[in-house]
Amino acid sequence: QDRLVESGGGSVQAGGSLRLSCVVSISRYTYNLLSVGWFRQAPGKEREGVARIYNSGDLTTYADSVKGRFTISQDEQKNTVYLHMNSLKPEDTGMYYCAAGTGWVRDFAESKWRFWGQGTQVAVSS
């Protein structure tokens, strides 16, 4: 069964750090031919793309709001993608979702991401 499982969320004070993990299990596609992205949804707001990665990490993209603070990486042996979040701000609070698409997915349009996880909650207090 195809699935993405997120973990690592929690509560942290502003300025703190968290590392989110996403284990990717999609049988129909070779792992290194998938784009994997992180999205988030704050209360009362639409879901937005945060970061994405493809091709063994050669291609990465970040939302402007997280550049310089978040880093996306992957461990191909573990089929796991990480989101390292530093200097967290209260506005980073939300449900964080992992998603996967085939090939290099060039933007964060949700229709291009075929597989989704259930999310992990991040809460940043001031």
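None of the values given here were measured: they were computed from a predicted structure.
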Over all heavy atoms of both residues, which pair between W104 and I53 is shortest? Give the atoms and the distance, please.
CZ3-C, 4.3 Å

Can any side-chain N or O of Q41 pair as donor or acceptor with the backbone N or O of E46 at less than 3.5 Å?
no

Can you tell me which residue pairs pass the salt bridge (charged side-chain N to carboxylate O under 4.0 Å, His left out) test with a partner in residues 106-121, sequence neighbours excluded?
R47-E110, D107-K112

Here the salt bridge (charged side-chain N to carboxylate O under 4.0 Å, His left out) pairs for residues 29-45, sequence neighbours left out, are R40-E48, R40-D92

Pairing residues for D75 by the salt bridge (charged side-chain N to carboxylate O under 4.0 Å, His left out) criterion, not counting sequence neighbours
none

State, yes or no, whether a side-chain contact exists between Y62 and V50 at a heavy-atom distance under 4.5 Å.
no

If you look only at distance, which donor and acceptor atoms sit under 3.5 Å apart when one is on a side chain in residues 8-21 and the other is two or more places apart or in another chain?
residue: S17; atom: OG; partner: N86; partner atom: OD1; Å: 2.9

List the residues meeting side-chain hydrogen bond (donor to acceptor under 3.5 Å, both in side chains) with S73, not counting sequence neighbours, and say none if there are none.
H84

Just to verify, what does K78 make a side-chain hydrogen bond (donor to acceptor under 3.5 Å, both in side chains) with, not counting sequence neighbours?
none

Which ILVMFWY residues can you reach from F108 by hopping between side chains whose heavy atoms are under 4.5 Å apart?
F39, M95, Y97, V105, W113, W116

Apply side chain to side chain contact (heavy atoms under 4.5 Å, CB included) to S87 and list each qualifying residue two or more places apart in sequence or on a separate chain.
R69

For V23, check side chain to side chain contact (heavy atoms under 4.5 Å, CB included) against everything at least two apart and list the hits.
S25, T80

